[in-house]
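Residues: numbered from 1 along the sequence shown.
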Amino acid sequence: MDLTTLNLKPLNLLIFPDWNQPEESLYLELEEMMRNLIAHPDRDFLTILIDASETLERSELDADLIISAIVLNLFMEEDLDTSCEPEIILLENLSQSQWLDILPQIQYRIKLKAENHQAIADSGTEKIPVLELKQLSEITIDSQALAALRQFGSQLYRQGRYEAASNYYQRFLASQTGDIELYSNLSECLRNLNRIEEAIAILEQGIRHYPTAGQLHFEIIKICQQNGRIQQAISSAERATQILPDEYVFKLFKHLTLPIVYDTSDEIEFYKERYVGELETLIQETSLNNPQEKINALRGFGSFTNFYLAYQAHNVVESQSKYANLVHQIMAANYPQWVQPRSMPPLLENGKIRVGYISSFLHSYSGTLWLTGWLRYANTKQFEIYCYYTGNDPDLVTEQFREYSTEFRHIPHNLEAVCQQIIDDKLHILVFPEIGMDAPTIQIAALHLAPIQCTAWGHPVTSGLPTIDYFISSELMEPENARSHYSETLVKLPNIGVSYPKPLVGELNNSRLDFDLREDAIIYFCCQAPFKYLPQYDCILAEIARRVPQAQFIFPRGELLRKRLKRAFAAVNLDSEDYCLFRAIATRQEYIAMNFLADVFLDTFTWSGGNTSLEAIACNLPIVTCPGEFMRGLHADSFLKMLGVTDTIAQNEAAYIEIAVKLGKDSQWRRDIAERMSQRQDNLFDDRVCVTALEAFYQEVVRERLKQLTVDS
């Protein structure tokens with residue numbers, strides 16, 4: 001028997017039945033023991049180990065069948081839930097060394113009327129406390145078992161078994177106060193189980209015990225924000241600033257926290273104005289007069305981003321620049337040696353330009369997946385490629401970045417080390433594929449680590465940073481007045497600006513029944529993150545449903561939108577629950593299957609789908625889109641134009657509805673669109689024209705800078 005596989009628990013009990021006694025007596029005694037076990041208040045944390053050695057000598061006996069029959073009979077008699085079934089382990093002929101391994105984990109031996117005394121002697125269990133069967137109900141979890149509860153809970157938490165872990169943690173807390181880590185872990189378990197009220201309550205409980213635990217304050221603010229409780233998030237941040245006035249991150253949350261989803265258009269305007277005013281207040285309140293203040297501000301911005309600002313759908317260049325300048329000032333105060341502009345180093349003897357790419361997301365992630373094409377098709381005769389991976393979730397895409405790099409530096413979560421490495425590598429150009437999604441990346445971008453620094457549309461919003469020279473974008477994605485949207489100099493590469501690898505989507509191996517979808521439904525796939533859906537456009541979905549009665553809208557991430565959609569559908573006398581399905585999609589395989597099973601992909605207004613649109617195209621799923629005011633609202637529009645299938649691009653909201661309804665009702669038109677998408681995918685994916693233009697830009701800016709150095713000298 002492999003003892004490492006035994007499912008031992010904090011409270012483990014042992015019995016040695018006499019299997020040679022009459023079967024009726026054996027059955028009755030084991031039944032009484034099982035009855036007590038099932039009724040025990042801590043049965044979920046208890047295991048009964050049964051020595052079954054003698055049954056091997058009596059072939060007519062099957063201990064497993066006997067125990068199973070007893071348990072089944074009890075459950076039928078008592079009409080019990082099967083979740084109450086006790087943990088039972090049969091031990092068969094353990095060696096002496098195996099007994100020595102297992103005995104320290106057993107708290108009690110339960111004495112039976114008829115026992116196998118020889119097995120008891122051979123096992124060496126004399127030192128284990130013995131209890132009468134009638135005392136079983138009185139067994140409680142002692143201090144040693146409590147420690148085991150804590151340990152078991154943490155082990156289950158690390159395995160992602162959140163339901164079981166929460167049970168262990170909560171049983172521990174029923175007996176004594178936990179530590180900060182326990183409250184944090186338990187809250188995360190409850191959050192993953194979508195028990196948000198309980199997750200918040202357990203953090204509040206932890207804060208009562210540990211009022212100065214910044215981690216607990218931080219987590220309660222984030223949970224409230226992520227679950228649409230914006231006022232509670234802000235008030236929690238205000239409380240944290242009072243208790244921990246030196247923790248700058250809570251000042252950031254207090255002043256700059258934004259909703260993830262908005263209830264009304266008026267609410268968007270309110271928080272837009274609030275952000276502008278509170279940012280000014282924060283700037284005035286920020287002091288960098290002594291070393292501790294500098295460090296506090298540095299740490300604060302290391303855990304905060306204003307990621308949700310641009311989802312309000314207005315030109316953020318002014319407020320973004322003010323925010324970014326504050327970050328720059330704080331970084332300059334802490335790293336004065338790294339903020340001065342850098343001279344262009346001479347070219348290598350081989351004439352190659354050194355270009356670096358830095359991101360926390362050099363793995364399978366929407367903000368950087370497109371970057372692999374720039375690297376794959378790089379002209380290695382003219383460029384050396386340096387990649388700096390500052391995150392720590394490597395996967396197969398990470399290996400692609402490694403393969404395409406001249407030098408691949410994996411320096412996770414160490415800002416100073418990665419900055420020093422970049423400086424030591426003497427780059428000519430440093431490119432940030434995205435700025436805005438990862439807090440430490442924003443801090444690094446606020447420094448001068450290379451003579452020329454660029455960002456791109458992994459996060460399609462201006463950085464606002466004085467240290468970033470160029471924003472590398474796309475000709476097809478930028479409106480006429482695009483330059484007014486950026487603090488950087490705008491560079492527009494041909495087509496969509498990136499060489500996006502064609503997604504590997506395979507073939508459909510699922511049916512609609514696998515996803516609880518109606519066979520006769522017209523499936524509209526609404527797969528964007530909830531913050532891309534603004535309230536003023538909810539009525540569009542309701543109108544589509546009114547005109548396409550078989551419509552079914554699938555929201556893999558839209559639970560926060562449920563309340564708003566209910567209101568919008570009610571306005572046209574419909575119940576949103578009859579049309580909207582909020583179903584989480586666990587794996588990429590399931591996500592791709594949904595693209596194949598759906599009839600229409602509904603793009604979001606103001607902030608279009610990027611990777612999601614490209615994957616839909618790879619699955620030949622018709623996309624309805626309406627170009628927005630900013631580049632971030634023109635992704636799908638540009639993809640369809642480059643593809644050469646523009647029938648489903650709407651110029652306004654009314655046209656969007658018309659196209660979506662026609663696609664729903666006209667199956668022949670849907671098939672025609674899908675067929676043309678299938679035939680023209682080579683127009684879109686793995687485009688090398690933009691890579692040639694990118695490298696021409698790199699060569700031009702380096703040449704100009706080197707020429708300027710010559711003139712100055």
Which heavy atom of [X] sits nearest a heavy atom of [Y], and at what distance?
X: Q105; Y: N12; value: O-ND2, 2.8 Å
X: S123; Y: L103; value: O-CD1, 3.3 Å
X: F401; Y: C387; value: CD2-SG, 4.2 Å
X: S53; Y: N93; value: CB-OD1, 3.0 Å
X: L26; Y: D18; value: CD1-O, 4.0 Å
X: P440; Y: L415; value: O-CD1, 4.1 Å

Side chains of [X] and [Y]: closer than 4.5 Å at any heavy-atom pair?
X: I592; Y: R588; answer: yes
X: L90; Y: L49; answer: no
X: I243; Y: F250; answer: no
X: R191; Y: S187; answer: yes
X: D179; Y: R150; answer: yes
X: I554; Y: L597; answer: no
X: L11; Y: Y108; answer: yes
X: I89; Y: L91; answer: yes

Crowded around [X] [atom1]? As in, over 12 foreign heavy atoms under 6.0 Å?
X: E507; atom1: CD; value: no
X: Q96; atom1: CD; value: no
X: Q159; atom1: CD; value: yes

If we count only N and O atoms by modelled type, under 3.5 Å, do the side chains of [X] and [Y] hold a donor and an acceptor together?
X: S184; Y: Q215; result: yes
X: N611; Y: E615; result: no
X: S154; Y: R158; result: no
X: S175; Y: R171; result: yes
X: E434; Y: T368; result: no
X: T612; Y: Q528; result: yes
X: Y157; Y: E188; result: yes

Give a yes or no on whether the backbone of [Y] and the side-chain of [X] come within a donor-acceptor separation of less than 3.5 Å.
X: R109; Y: T125; value: no
X: S68; Y: L65; value: no
X: T372; Y: L369; value: yes
X: R512; Y: A521; value: yes
X: S360; Y: D438; value: no
X: H217; Y: P211; value: yes
X: N227; Y: I223; value: yes

Value rounded to 0.5 Å, distance of [atom1] in [X] from [atom2] in [Y]:
X: F253; Y: C224; atom1: CZ; atom2: SG; value: 11.5 Å
X: N116; Y: N20; atom1: CG; atom2: CG; value: 7.5 Å
X: I48; Y: N36; atom1: CD1; atom2: CG; value: 10.5 Å
X: I180; Y: T212; atom1: CD1; atom2: OG1; value: 7.0 Å
X: L186; Y: F172; atom1: CG; atom2: CZ; value: 11.5 Å
X: L193; Y: Y162; atom1: CG; atom2: OH; value: 9.0 Å

Check your understanding: Going through the distances and angles, do R229 and E197 end up as a salt bridge (charged side-chain N to carboxylate O under 4.0 Å, His left out)?
Key -> CA-CA 11 Å; R229 301 163 185 248; E197 292 283 357; 3.1 Å; yes
[X] and [Y] aromatic centres sub-6.0 Å:
X: F553; Y: Y579; result: no
X: Y248; Y: F304; result: no
X: F16; Y: W99; result: yes

Check your understanding: Going through the checks in order, is the side chain to side chain contact (heavy atoms under 4.5 Å, CB included) test met by Y388 and I444?
Key -> CA-CA 12 Å; Y388 304 88; I444 294 170; over 6 Å; no
Would [X] and [Y] pass as an ion pair if we require N to O under 4.0 Å?
X: K9; Y: D44; result: no
X: K113; Y: E132; result: no
X: R299; Y: E247; result: no
X: K134; Y: E32; result: no
X: R161; Y: E163; result: no
X: E399; Y: R402; result: yes
X: E204; Y: R239; result: yes

Review point. Can you list the steps and then say if E559 with R562 is a salt bridge (charged side-chain N to carboxylate O under 4.0 Å, His left out)?
Key: CA-CA 5 Å; E559 185 64 39; R562 189 188 289 264; 2.7 Å; yes
Review point. For I15 and M33, what are the C-alpha separation, side-chain angles and deciding distance, and is it a side chain to side chain contact (heavy atoms under 4.5 Å, CB included)?
Key: CA-CA 10 Å; I15 62 171; M33 187 271 298; 3.5 Å; yes
Practice item. Walk me through it: do T390 and I411 pass the test side chain to side chain contact (heavy atoms under 4.5 Å, CB included)? Key: CA-CA 5 Å; T390 60; I411 309 174; 5.6 Å; no
Name the orientation class of the two ring planes belonging to [X] and [Y] (parallel below 30°, tilted from 30 to 60°, perpendicular beyond 60°).
X: Y365; Y: F361; result: parallel
X: Y591; Y: F525; result: tilted
X: Y389; Y: H410; result: parallel
X: F152; Y: Y168; result: parallel

Exercise for review: For salt bridge (charged side-chain N to carboxylate O under 4.0 Å, His left out), just list the numbers for R43 and E87, CA-CA rounded to whole Å, side-chain angles, deciding distance to a tenth of an Å, and then say yes or no.
Suggested key: CA-CA 8 Å; R43 62 174 174 266; E87 185 70 38; over 6 Å; no
Review point. R583 and E590: side chain to side chain contact (heavy atoms under 4.5 Å, CB included), yes or no, with the steps?
Key: CA-CA 11 Å; R583 187 193 188 284; E590 286 187 358; 4.0 Å; yes
